[in-house]
Amino acid sequence: MTEEPVKESPGTPRSPNPGTMEKSPKSEVVVTMVPLVSEVQLMAATGGAELSCYRCIIPFAVVILITGVVVTAVAYSFNSHGSIISILGLVLLSSGLFLLASSALCWKVRQRSKKGKRRESQTVLVANQRSLFA
């Protein structure tokens with residue numbers, strides 16, 4: 001089997017260090033190549049899903065919130081105020097609430113930006129329509 005040289009695609013960023021060199025126990029040098037990924041490549045690979053982070057956070061936030069409620073309820077049912085389990089329950093509860101709040105905030109910001117883009121495109125359409133009929 002012949003080895004073909006690795007061809008770089010034109011849009012890929014180049015790293016200053018092409019790879020790291022390690023010595024194996026057999027006195028062989030192993031070169032590990034670490035590819036760099038640009039934002040455009042990430043967007044193409046994920047289909048733009050990196051912009052919908054708030055939708056991905058919601059299920060994890062709900063699970064953490066439910067876990068926090070259960071752990072806190074169990075801790076306080078045994079009257080173990082200030083113990084590690086009650087602190088863990090309160091931390092889970094507060095982090096679940098924080099994730100839900102941040103997800104709602106991101107959703108609200110995204111809706112406002114969509115509304116602004118929609119308003120801009122309607123303004124352009126109305127201006128174009130007036131120039132056509134004038």
Side-chain angles (χ1 to χ4, degrees):
M1 215 167 139
T2 62
E3 291 186 24
E4 297 178 11
V6 178
K7 296 179 182 177
E8 292 186 24
S9 57
T12 59
R14 295 184 182 154
S15 64
N17 291 334
T20 58
M21 298 179 72
E22 301 172 2
K23 284 192 173 186
S24 67
K26 299 178 187 176
S27 299
E28 297 174 351
V29 176
V30 179
V31 178
T32 307
M33 299 296 285
V34 180
L36 292 178
V37 179
S38 68
E39 291 179 23
V40 175
Q41 290 173 329
L42 178 66
M43 193 177 238
T46 60
E50 69 277 354
L51 298 176
S52 64
C53 183
Y54 61 92
R55 284 186 256 161
C56 298
I57 290 177
I58 291 174
F60 294 111
V62 169
V63 168
I64 290 173
L65 186 68
I66 292 171
T67 306
V69 168
V70 169
V71 170
T72 305
V74 167
Y76 285 109
S77 68
F78 290 125
N79 290 329
S80 58
H81 303 289
S83 67
I84 294 200
I85 191 166
S86 66
I87 293 171
L88 176 69
L90 291 174
V91 166
L92 286 172
L93 191 64
S94 60
S95 61
L97 287 172
F98 173 73
L99 285 174
L100 278 177
S102 64
S103 177
L105 181 69
C106 289
W107 177 76
K108 199 68 159 165
V109 167
R110 184 119 168 113
Q111 291 299 321
R112 283 187 184 160
S113 68
K114 277 185 178 180
K115 187 185 281 187
K117 287 179 184 177
R118 201 175 303 130
R119 188 174 295 134
E120 289 174 7
S121 68
Q122 286 177 352
T123 306
V124 171
L125 285 174
V126 169
N128 287 339
Q129 187 179 19
R130 287 182 185 165
S131 66
L132 288 175
F133 293 115

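We use all heavy atoms of the structure for the numbers below, so side chains are in, but hydrogens, waters and symmetry mates are not. Positions are given from 1, in the same order as the sequence printed here.
- With hydrogens and angles ignored, the 3.5 Å screen pairs a side-chain donor or acceptor of Thr67 with a backbone N or O of Val63.
- Heavy atoms only, all atoms of each residue included: Ile87 and Gly82 are closest at CD1-O, 3.8 Å.
- In this structure, Thr72 contributes its side chain and Val69 its backbone to no donor-acceptor pair below 3.5 Å.
- Between the Ser77 side chain and the Val74 main chain, a donor and an acceptor come within less than 3.5 Å of each other.
- Atoms CD1 and CH2, from Ile57 and Trp107 in turn, are 15.0 Å apart once rounded to the nearest 0.5 Å.
- Here Ser86 contributes atom OG and Phe78 contributes atom CZ; the two are 13.0 Å apart, rounded to the nearest 0.5 Å.
- Tyr76 OH to Leu90 CG: the interatomic distance, rounded to the nearest 0.5 Å, is 4.5 Å.
- The CG atom of Leu93 sits 11.0 Å away from atom CG of Leu88, with the distance rounded to the nearest 0.5 Å.
- Across Leu99 and Ala61, no two heavy atoms sit closer than the pair CB-CB, 3.5 Å.
- With respect to Ile64, the side chain to side chain contact (heavy atoms under 4.5 Å, CB included) criterion is satisfied by exactly one of Leu97, Leu92, Val91: Leu92.
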